[in-house]
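This report concerns only the one structure given below.
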Amino acid sequence: MWIETGVQALEKHKVKYAIVGGYAVILHGVLRATADLDLAISISEKSFVGAEKALMELGLEPRLPVTALEVFKFRKEYIKNRNLHAWSFVDAKNPINVIDIIISQNLDNINTVSRVLGKTKLNVIDIDDLIRMKKHSGRPQDLIDIEALERLK
């Protein structure tokens, strides 16, 4: 499965991560559809460069013509002035495979739990931090996710 491959590539490049977003909701036990894999990483040059290398080795390409160093350097400007919260990588051969690095969320501020998918151990944002993150977003799907996650607690 491409999610396992993506996570293994990040680990190979020593990029610490947490799955956030829709897949995190699923991994906590809520049935819902999602297409992209959202990840939080540490806000550091090393993490951004490592993530870029890992994802490009898988054949994923950044949607925007920017490098890891540019995203790291101009991250605050991208968030504030361009409303860019995710640095997206897409598989040109199978465009449904998308991995988004959430640049507005720092892994260092997230609690995680482990989940297993197949034979791969995954780092997933814990349920309380996921609810907090989704409350901050406030999109309609996030509000639905919050209700479902609260029922699990």
Side-chain angles (χ1 to χ4, degrees), residues 1-30 32-58 60-64 66-91 97-117 120-139 141-146 148-150 152-153:
M1 180 175 230
W2 73 276
I3 295 170
E4 293 166 292
T5 306
V7 164
Q8 289 165 354
L10 290 170
E11 289 174 351
K12 174 185 165 192
H13 285 274
K14 299 183 179 1
V15 177
K16 294 180 183 176
Y17 71 91
I19 296 173
V20 299
Y23 274 106
V25 173
I26 293 166
L27 290 165
H28 279 291
V30 176
R32 94 176 305 273
T34 191
D36 60 337
L37 175 63
D38 298 319
L39 301 172
I41 63 174
S42 294
I43 304 299
S44 71
E45 184 177 314
K46 180 181 176 185
S47 291
F48 277 60
V49 170
E52 179 181 54
K53 285 179 184 175
L55 299 178
M56 291 181 78
E57 280 181 9
L58 295 176
L60 300 175
E61 301 170 359
R63 272 207 179 127
L64 298 175
V66 294
T67 66
L69 293 176
E70 291 168 324
V71 175
F72 177 73
K73 183 177 179 181
F74 299 109
R75 184 182 71 81
K76 289 180 183 177
E77 191 271 329
Y78 288 163
I79 294 167
K80 182 179 177 185
N81 298 326
R82 298 180 187 194
N83 200 31
L84 179 72
H85 293 269
W87 180 30
S88 296
F89 287 79
V90 64
D91 182 346
N97 292 339
V98 176
I99 296 180
D100 289 331
I101 305 294
I102 307 302
I103 65 172
S104 57
Q105 185 66 53
N106 190 343
L107 174 66
D108 300 339
N109 300 325
I110 294 175
N111 294 305
T112 62
V113 295
S114 293
R115 296 287 186 261
V116 176
L117 181 62
T120 305
K121 182 179 139 192
L122 307 172
N123 300 318
V124 181
I125 187 172
D126 84 355
I127 197 166
D128 291 324
D129 283 353
L130 181 56
I131 290 169
R132 178 187 49 76
M133 190 173 173
K134 287 189 162 288
K135 281 181 181 177
H136 182 71
S137 260
R139 297 171 300 182
Q141 181 61 56
D142 292 322
L143 300 176
I144 293 167
D145 290 342
I146 291 166
L149 291 166
E150 290 284 1
L152 292 177
K153 291 178 65 177

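FYI, the numbering just counts along the sequence from 1.
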Notebook entry, point to check: Do Val25 and Leu149 have side-chain heavy atoms sitting under 4.5 Å apart?
Noted result: yes
Next item on the list: Take Lys153 and Ile131 through the test side-chain contact (heavy atoms from CB on, under 4.5 Å) and record every step on the way to the result.
Entry: CA-CA 11 Å; Lys153 291 178 65 177; Ile131 290 169; 3.8 Å; yes
Checklist line | Distance, nearest 0.5 Å, that separates CG of Asp126 from OG of Ser114 | finding: 11.5 Å
Note to self: Would you say Thr120 and Gln8 are linked by a side-chain donor-acceptor pair, where the criterion is simply a distance under 3.5 Å?
What the structure shows: yes
Check: Are any non-hydrogen side-chain atoms of Val49 and Val15 less than 4.5 angstrom apart?
Finding: no
Note to self: Applying side-chain contact (heavy atoms from CB on, under 4.5 Å) to Ile127 and Leu152, what does each step give before you reach the verdict?
What the structure shows: CA-CA 9 Å; Ile127 197 166; Leu152 292 177; 4.2 Å; yes
Notebook entry, point to check: When you check the side-chain N and O atoms of Gln105 and Asn109, is any donor under 3.5 Å from an acceptor?
Noted result: no
Notebook entry, point to check: Looking at CD of Glu61 and OG of Ser88, how far apart are the two atoms once the value is rounded to the nearest 0.5 Å?
Noted result: 13.0 Å
Margin query: Quick one, Ile19 and Leu27 - any side-chain contact, counting heavy atoms below 4.5 Å?
Written below: yes
Note to self: A side-chain contact here means heavy atoms from C-beta on lying under 4.5 Å apart; do Ile103 and Phe48 qualify?
What the structure shows: yes
Note to self: Rounded to the nearest 0.5 Å, what separates atom CD in Glu150 from atom CG in Asp145?
What the structure shows: 11.5 Å
Do any side-chain atoms of residues 34-45 form donor-acceptor pairs under 3.5 angstrom with protein atoms, and if so which ones, sequence neighbours left out?
from: Ser42; atom 1: OG; to: Asp108; atom 2: OD1; distance (Å): 2.8
from: Ser44; atom 1: OG; to: Ser47; atom 2: N; distance (Å): 3.1
from: Ser44; atom 1: OG; to: Ser47; atom 2: OG; distance (Å): 3.1

Item checked: Asp142 bridged to Lys135 by N-O distance under 4.0 Å -> no
Notebook entry, point to check: Hey, does Glu11 have a side-chain heavy atom less than 4.5 Å from the side chain of Tyr17?
Noted result: yes
Note to self: Assess the residue pair Ile144 and Gln141 against the criterion (side-chain contact (heavy atoms from CB on, under 4.5 Å)); give the C-alpha distance rounded to whole Å, side-chain angles, the decisive distance to 0.1 Å, and a yes or no.
What the structure shows: CA-CA 5 Å; Ile144 293 167; Gln141 181 61 56; 4.0 Å; yes
Checklist line | Approximate separation, where rounding is to 0.5 Å, of Leu58 CG and Ile99 CD1 | finding: 6.5 Å
Next item on the list: Could you go through the side-chain contact (heavy atoms from CB on, under 4.5 Å) check for Trp87 and Tyr78 one step at a time?
Entry: CA-CA 10 Å; Trp87 180 30; Tyr78 288 163; over 6 Å; no
Check: Between Glu57 and Lys12, is the closest basic N to carboxylate O distance under 4.0 Å?
Finding: yes
Checklist line | Within-4.5 Å side-chain heavy-atom neighbours: Val7 and Lys121 | finding: no
Checklist line | Side-chain touch Asn111/Ile125, heavy atoms, less than 4.5 angstrom | finding: no
Note to self: With a 4.5 Å cut-off on side-chain heavy atoms, are Arg82 and Glu77 touching?
What the structure shows: yes
Notebook entry, point to check: Using a distance-only test with no angle check, is there a side-chain donor-acceptor pair under 3.5 angstrom linking Asn123 and Thr112?
Noted result: no
Next item on the list: For Ala51 and Leu10, work out which heavy atoms get closest and say how close.
Entry: CA-CD2, 3.9 Å
Margin query: So, using side chain to side chain donor-acceptor pair (under 3.5 Å) as the criterion, who are the partners of Arg63 when residues are at least two apart?
Written below: none
